[in-house]
Number of protein chains: 2
Amino acid sequence: MDADSSLQPRGTRKRRKMQRVTMMDVAKLAAVSPSTVSLYLRKPAAVSPAAGQEIARAISTLGYVPNLVAGGLAAASSKVVSIIVPSIRNAFFAETVSTLQSELATEGLQVLLGHSEYGEDQEEALVRTALSWAPAAVVLTGLSHSTETRKLLQASGVPVVEMWELGARPIDMAVGFSHPQVGASAARHLLSKNRRSLTFIGARMQEDHRAAKRASGFAETARAGEILSCEVINHPGAATVEAGSLLLNRALQQIPKLDGIACSNDLIALGALFECQRQGITVPDDIALVGFGDLDFSASCIPSLTTIRPSGDLIGKEVARLILSSIHGERPEGDARIIDTGHVLIERRST
Amino acid sequence: MDADSSLQPRGTRKRRKMQRVTMMDVAKLAAVSPSTVSLYLRKPAAVSPAAGQEIARAISTLGYVPNLVAGGLAAASSKVVSIIVPSIRNAFFAETVSTLQSELATEGLQVLLGHSEYGEDQEEALVRTALSWAPAAVVLTGLSHSTETRKLLQASGVPVVEMWELGARPIDMAVGFSHPQVGASAARHLLSKNRRSLTFIGARMQEDHRAAKRASGFAETARAGEILSCEVINHPGAATVEAGSLLLNRALQQIPKLDGIACSNDLIALGALFECQRQGITVPDDIALVGFGDLDFSASCIPSLTTIRPSGDLIGKEVARLILSSIHGERPEGDARIIDTGHVLIERRST
DNA sequence: ATGGCCCATCATAGCGCTACGATGATCCGC
DNA sequence: GCGGATCATCGTAGCGCTATGATGGGCCAT
């Protein structure tokens with residue numbers, strides 16, 4: 001009846017009991033306690049060399065692979081960094097994510113990736129799932145988030161880095177640059193080339209707030225100069241080369257004597273460049289063109305493209321640095337939590 | 001002494017005891033057992049509507065967020081899919097990863113991303129860490145992996161999808177296309193345009209085996225045709241527009257009467273195109289140019305680029321489909337485990 | 001009525017690891 | 001030579017959840 005139930009938990013009660021190699025097995029083989037193995041894995045220096053060697057040997061003979069899920073549960077924090085970008089197809093973010101991944105990998109951190117597609121609600125959903133992984137840090141793009149997103153993150157106590165934008169007060173830490181200032185640099189540059197009928201062409205600016213800020217920074221600075229006109233033209237679709245061609249045509253129609261264009265993205269600039277070529281418009285003689293992003297082709301196209309480089313690479317590096325110091329218990333304070341990576345205008349042949 | 005130690009575990013023994021909202025709290029508020037809450041979360045239909053409503057209410061009033069780490073540990077499998085690509089900066093993989101992420105997100109799966117940088121050892125290290133997350137599936141790029149990688153994955157029992165290449169026997173499942181055939185298509189196309197002095201220009205082919213296979217497929221088919229010459233030229237660095245320019249110049253030097261070029265990547269093709277323009281070579285009259293990838297700019301450049309589209313998007317979708325059916329217990333068998341997404345040659349103005 | 005079935009719900013035993021405090025062993029200074 | 005500090009190591013209680021089999025109430029066929 002009940003008597004034997006304590007001996008042999010009736011039926012096939014026991015759980016799957018995988019024959020997975022556990023830390024316990026390693027400990028047994030190395031003739032130390034599991035705690036020592038765990039300690040060795042986390043801080044090898046805290047274990048005596050003799051024990052360390054024994055453990056290392058045991059690990060390799062057994063082919064032990066630590067279970068990070070169990071570790072994450074026990075430590076209440078997993079070795080995962082959740083990164084949320086609008087889209088990884090965008091070369092800017094691809095570059096940042098790539099760098100970030102490499103930097104974090106050196107410390108054994110994994111990257112959990114999510115795409116918000118420029119939607120605050122989607123971002124919120126992603127943050128919610130991200131937090132259920134008890135991540136070591138969360139990285140978001142930009143400073144515009146839903147109230148709920150901010151609340152969730154703040155309540156979680158997890159280090160948060162917002163990247164690619166500076167300006168408003170970040171949730172926790174931020175790495176990026178000022179987009180209005182990028183627009184202003186573009187405008188000043190065109191002004192310095194004596195351009196007087198200007199336009200800023202961009203795509204998806206109803207959702208991409210950063211592009212919109214570049215546009216308004218551009219317009220503001222331009223209008224403060226001696227100009228004939230300055231328009232901002234938006235293409236509701238994605239920022240592609242084709243969109244650039246479309247936008248150039250619209251600009252040509254709307255703006256008389258157009259002689260200076262800033263683009264929200266080098267892809268758009270390239271499209272505009274191609275369209276100029278098609279229409280027999282000479283760049284930079286007839287129209288000067290400034291891009292943004294300094295993408296792969298920008299130095300090689302004809303004419304080579306004057307552009308503003310934001311350095312997605314540097315952003316990735318700095319984000320990684322902030323995350324790593326937070327994890328190592330040196331959580332940056334005050335001004336150290338905001339890093340301005342700036343931007344550089346690279347003058348080439350298109351202006 | 002010892003008497004009270006059972007009451008109040010001496011000292012501040014107890015663990016952090018976060019006031020995190022747990023499933024237990026939800027259960028209490030909804031007046032059901034934790035198991036029922038868990039059941040409701042996993043299969044809502046298995047719980048009575050009344051209880052379900054009560055639980056839903058409790059979840060929302062408490063703002064409960066399930067702890068996926070704990071869930072993963074208990075279930076011995078986490079809701080994570082590990083994706084390893086050579087580099088996310090490559091637009092091909094960015095597209096696939098993006099699609100894959102979106103498709104998987106609809107089923108509550110997260111993407112853990114890693115970059116192998118075309119290194120088998122790095123890939124192996126990534127696979128190792130990936131497996132310590134007990135992922136729901138692992139996605140690799142290509143069919144070339146270290147023996148150890150194959151062994152690890154096979155032993156793990158986790159569904160594995162290899163993507164972007166077909167040909168050899170996959171570890172488990174594969175979605176992609178034949179790279180030699182892509183090369184062959186390019187060669188046939190140039191042959192059909194009466195080109196007789198051909199070259200295949202590519203970058204990083206010592207590491208990028210897939211590009212190398214496109215090259216050899218090209219060479220083989222070309223040499224079977226009526227041609228004067230066919231060379232393969234490699235640039236050891238990354239596949240960039242600049243590399244394309246460099247490669248064009250080398251081709252021009254090496255090959256007399258060069259009149260047809262296939263490129264391992266549209267970026268390279270674009271670079272070649274720019275360089276032709278610079279040198280006063282007319283495309284396609286003097287030299288016909290075929291690319292690979294159908295990237296953003298390929299339809300818009302001047303002349304528009306004849307290229308071969310592999311559809312990274314479709315690959316992503318199919319990979320997601322295989323993963324989802326594996327997870328739902330309908331693990332594909334036999335031929336259903338290999339999916340050929342093919343390739344399409346898109347003829348434009350450059351040939 | 002009565003037995004057997006089914007369905008919704010529950011109690012409990014882990015999943016594999018880490019953090020905490022405890023335990024000896026070793027070492028130092030006076 | 002002894003008390004206290006230092007160091008490596010250990011025992012164990014959870015971390016929050018899921019899977020498993022048990023439980024009990026309602027329902028149907030007899």
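Sequence lines set the chain letters: A, B, ... in the order given, protein chains first and strands last, and positions in each chain run from 1. If you're wondering where the values come from, they're calculated on a predicted model, not measured in any experiment.
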Specify the separation, in whole Å, of atom [atom1] of [X] and atom [atom2] of [N].
X      : N       : atom1 : atom2 : result
L73(A) : dC15(C) : CG    : C1'   : 9 Å
R42(A) : dC20(C) : CZ    : P     : 10 Å
I59(B) : dG16(D) : CD1   : C1'   : 14 Å
N67(B) : dC17(C) : CG    : C1'   : 14 Å
L62(B) : dG16(D) : CG    : C1'   : 15 Å
K79(A) : dC15(D) : NZ    : P     : 21 Å
D25(B) : dG16(D) : CG    : C1'   : 11 Å
L41(B) : dA19(D) : CG    : P     : 12 Å

Using the 3.5 Å cut-off, write out each protein N or O paired with an N or O of nucleotides 5-9 of chain D and the distance between them.
{"unit_1": "dT9(D)", "atom_1": "OP1", "unit_2": "S48(A)", "atom_2": "OG", "d": "2.6"}
{"unit_1": "dT9(D)", "atom_1": "OP2", "unit_2": "S48(A)", "atom_2": "N", "d": "2.9"}

Exercise for review: Determine, step by step, whether E318(B) and M163(B) satisfy the side-chain contact (heavy atoms from CB on, under 4.5 Å) criterion, reporting the C-alpha distance in whole Å, the side-chain angles of both residues, the deciding distance to 0.1 Å, and the verdict.
Suggested key: CA-CA 9 Å; E318(B) 291 295 322; M163(B) 60 179 187; over 6 Å; no
Review point. Side chains of V111(A) and L100(A): closer than 4.5 Å at any heavy-atom pair?
Key: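 They are not in side-chain contact.
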Check your understanding: Is a donor-acceptor pair below 3.5 Å formed from side chain T22(B) to base dG16(D), judging by atom type as modelled?
Key ->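 Absent.
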Point to revise | Gap between atom CD of E124(A) and atom OG1 of T129(A) - 0.5 Å precision | key: 10.5 Å
Revision key, fill the gap. CZ (R331(B)) and CD1 (I323(B)) are apart, to the nearest 0.5 Å, by 11.0 Å
Practice item. Would you mind reading off the bend of the helix from dA1(C)-dT30(D) to dC30(C)-dG1(D) from its two end axes, five pairs each, to 10 degrees? Key: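 End-to-end axis angle for the helix from dA1(C)-dT30(D) to dC30(C)-dG1(D): 30°, rounded to 10°.
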Point to revise | Any donor-acceptor pair under 3.5 Å from S132(B) side chain to L68(A) backbone | key: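 It does not hold such a pair.
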Review point. Distance-only, no hydrogens or angles: does the E162(B) side chain make a donor-acceptor pair with backbone N or O of I171(B) under 3.5 Å?
Key: yes
Check your understanding: Which pair of heavy atoms, one from E123(A) and one from I84(A), lies closest together, and at what distance?
Key ->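 Minimum heavy-atom contact is CG-CG2, 4.2 Å.
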Review point. Do you know which of V161(B), L126(B), L153(B) makes side-chain contact (heavy atoms from CB on, under 4.5 Å) with L140(B)?
Key: L153(B)
**Study point:** M23(B) side chain, from C-beta outward: closest of dA19(D), dG16(C), dT18(D)
**Key:** dT18(D)
Practice item. Begin with the C-alpha distance, continue with both residues' side-chain angles, and end with the deciding distance and a verdict on side-chain contact (heavy atoms from CB on, under 4.5 Å) for K151(A) and Q154(A). Key: CA-CA 5 Å; K151(A) 232 190 330 189; Q154(A) 235 132 22; 5.7 Å; no
Review point. Base, sugar-phosphate, or nothing: which does Y40(A) touch, judged by heavy atoms less than 4.0 Å apart?
Key: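 Result for Y40(A) = nothing.
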Review point. Do the side-chain N or O atoms of S38(A) get closer than 4.0 angstrom to the phosphate oxygens (OP1, OP2) of dT18(C)?
Key: yes
